[in-house]
Amino acid sequence: MSQAVGNTALAYARVWHHVDASDRVLGKLAERIALALMGKHKPIYDKGVDCGDYVVVTNARNIKVSGRKDEQLVYRKHSMYPGGLKETPYKTMMEKKPNEIIYHAVSGMLPKNKLRDRRMARLKVFGGPNPGIYRNNILKRWEDGSLTDEYILKLDPNSKHKVSVPPSSSK
């Protein structure tokens with residue numbers, strides 16, 4: 001008699017990733033974010049199961065686009081009333097709502113199914129360098145997938161790891 005053990009809650013645990021969008025190309029960045037939101041980097045990935053991670057993007061104002069897209073790209077939305085088509089050029093959108101540019105790009109990279117809204121809810125985008133309250137949740141850096149310096153110090157206070165931790169204020 002064999003007993004199969006299913007995936008545990010630890011396998012489905014969601015990790016918070018931090019992405020610095022400074023000088024990154026929009027399409028390539030959106031593709032990598034979409035893969036993390038879907039959970040394709042995990043060995044337990046299944047297309048019908050929502051097993052992706054959280055992604056926090058900072059410095060959305062500094063994103064780059066390739067070619068002449070900064071002049072040619074237009075974002076459209078419709079109010080569903082006659083004559084209700086609104087067109088916004090990329091440069092205007094970058095000045096007013098830089099986070100919407102990344103939301104739109106990542107949304108286009110995700111599969112068009114019932115899990116899309118749930119996955120998009122796990123994407124947090126900020127125009128500046130401050131991720132706000134989500135700073136405390138971030139466990140992984142985007143570049144190499146390694147743990148953050150603060151998390152390493154929390155696990156091992158005697159670590160020889162080079163750390164640049166800002167002084168925390170205790171109340």
Can you pull the salt bridge (charged side-chain N to carboxylate O under 4.0 Å, His left out) pairs that have at least one residue in [range], sequence neighbours excluded?
range	answer
residues 127-137	none
residues 102-122	Asp50-Arg119, Asp50-Arg122
residues 38-48	Lys42-Asp53
residues 70-93	Arg68-Glu71, Arg76-Glu87

ILVMFWY cluster, [X] and [Y] together (side-chain gap under 4.5 Å):
X	Y	value
Met120	Leu26	yes
Met109	Leu73	no
Val49	Leu115	no

Please round to the nearest 0.5 Å and tell me the distance separating atom [atom1] of [X] and atom [atom2] of [Y].
X	Y	atom1	atom2	value
Ser66	Lys28	OG	NZ	8.0 Å
Ser107	Leu37	OG	CG	10.5 Å
Ile138	His18	CD1	NE2	5.0 Å
Lys64	Asp23	NZ	CG	5.0 Å
Ile102	Phe126	CD1	CZ	11.5 Å

Taking side chain as C-beta onward, heavy atoms only, is [X] less than 4.5 Å from [Y]?
X	Y	value
Leu123	Val125	yes
Ile101	Tyr90	yes
Val56	Val19	no

Exercise for review: Work out which heavy atom in Leu29 is nearest to a heavy atom in Ala21; give both atom names and the distance.
Suggested key: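 Nearest heavy atoms, Leu29 then Ala21: CD2-CB, 3.8 Å.
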Review point. Sequence neighbours excluded, which residues qualify as side-chain contact (heavy atoms from CB on, under 4.5 Å) partners of Asn59?
Key: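 Applying side-chain contact (heavy atoms from CB on, under 4.5 Å) to Asn59 gives Asp20, Ser22, Asn62, Pro129.
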May I ask you to check whether over 12 heavy atoms, not counting those of [X], lie within 6.0 Å of atom [atom1]?
X	atom1	value
Tyr103	OH	yes
Leu85	CG	yes
Lys124	NZ	yes

Practice item. Enumerate the residue pairs fulfilling ring pair (Phe, Tyr, Trp, His ring centres under 6.0 Å) with a member in residues 25-77, sequence neighbours excluded, ordered by first and then second residue. Key: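 Residue pairs passing ring pair (Phe, Tyr, Trp, His ring centres under 6.0 Å), neighbours aside: Trp16-Tyr54, His17-His41, Tyr75-His104.
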